[in-house]
Amino acid sequence: MAANSIREQILLAVLDAVRPSALALGATLHRSPTVAISWKQCPALVVFPESESITERANDRVTRVLVVRLVALARAVPPATPETEADRLLTAAHAALLAKRNLGDLALGIQEQECEWDIEDADAVAAAIPARYAITYRTLDTDLSTKG
């Protein structure tokens, strides 16, 4: 049986890193859901792998940058503010992720990219705060499951 790629191992390590902070705030944790997060699942922290690029090739080593998006999602009925709850969740996830910058020796580093705000008004107010992180790692050019 083939081993998981370093990319997949990193994604699992990201989930493991943010899980305690999400659970401590009563949030559910999801990876790349294909359906909308329900009211009952909020607050929620969602992890999406977004893209990967190759930044350097040296001999048989390839340096890669995996972009991961964390989305803190909260819903509330006014006068409560979902933005405050989503911000609290993202702040905790950010601290937890950056406390493990090398993700168990899988990554060379993590760099915060950007953050956005998305507010929607339906039957209740929902706030989604996505933040992106670039995770640099290295593999062998012939084997995605071996660190380079």
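These numbers come from the heavy atoms of this one structure, side chains and all, not from hydrogens, waters or symmetry mates.
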Out of curiosity, [X] [atom1] to [Y] [atom2], how far, rounded to the nearest 0.5 Å?
| X | Y | atom1 | atom2 | result |
| --- | --- | --- | --- | --- |
| D143 | L140 | CG | CG | 6.0 Å |
| I129 | T91 | CD1 | OG1 | 7.5 Å |
| L73 | T28 | CG | OG1 | 8.0 Å |
| L25 | R88 | CG | CZ | 7.0 Å |
| E114 | R132 | CD | CZ | 5.0 Å |

For [X] and [Y], which I'm curious about, is there any donor-acceptor pair between the side chains at under 3.5 Å?
| X | Y | result |
| --- | --- | --- |
| R64 | T139 | yes |
| Y133 | E50 | no |
| S5 | E8 | no |

With the 4.5 Å side-chain cut-off for hydrophobic clustering, are [X] and [Y] part of the same group?
| X | Y | value |
| --- | --- | --- |
| L103 | V65 | no |
| L15 | I110 | yes |
| L66 | V18 | yes |
| I10 | I54 | no |
| L98 | L29 | yes |

Which residue, [options], forms the side chain to side chain contact (heavy atoms under 4.5 Å, CB included) with [X]?
| X | options | result |
| --- | --- | --- |
| R7 | L12, I135, L144, L106 | L144 |
| R138 | T63, T55, V62 | T63 |
| P130 | V71, L70, L90, V46 | V71 |
| H30 | V47, L45, I37 | I37 |

Where is the tightest heavy-atom contact between [X] and [Y], given as atom of each residue plus distance?
| X | Y | value |
| --- | --- | --- |
| A96 | A17 | CB-O, 3.4 Å |
| Q113 | A134 | NE2-CB, 3.3 Å |
| A74 | E85 | CB-CB, 3.9 Å |
| P43 | L89 | CB-CD2, 4.3 Å |
| A72 | A86 | CB-O, 3.2 Å |

State plainly whether the residues D105 and K147 are in salt-bridge range, i.e. N to O under 4.0 Å.
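A salt bridge is present here (some side-chain N lies under 4.0 Å from a carboxylate O).
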Q9 (side chain) donor-acceptor with N4 (main chain) under 3.5 angstrom:
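Looks like yes, one N/O pair under 3.5 Å.
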May I ask you to decide if L108's main-chain N or O and T136's side chain share a donor-acceptor pair within less than 3.5 Å?
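Checked: no pair found.
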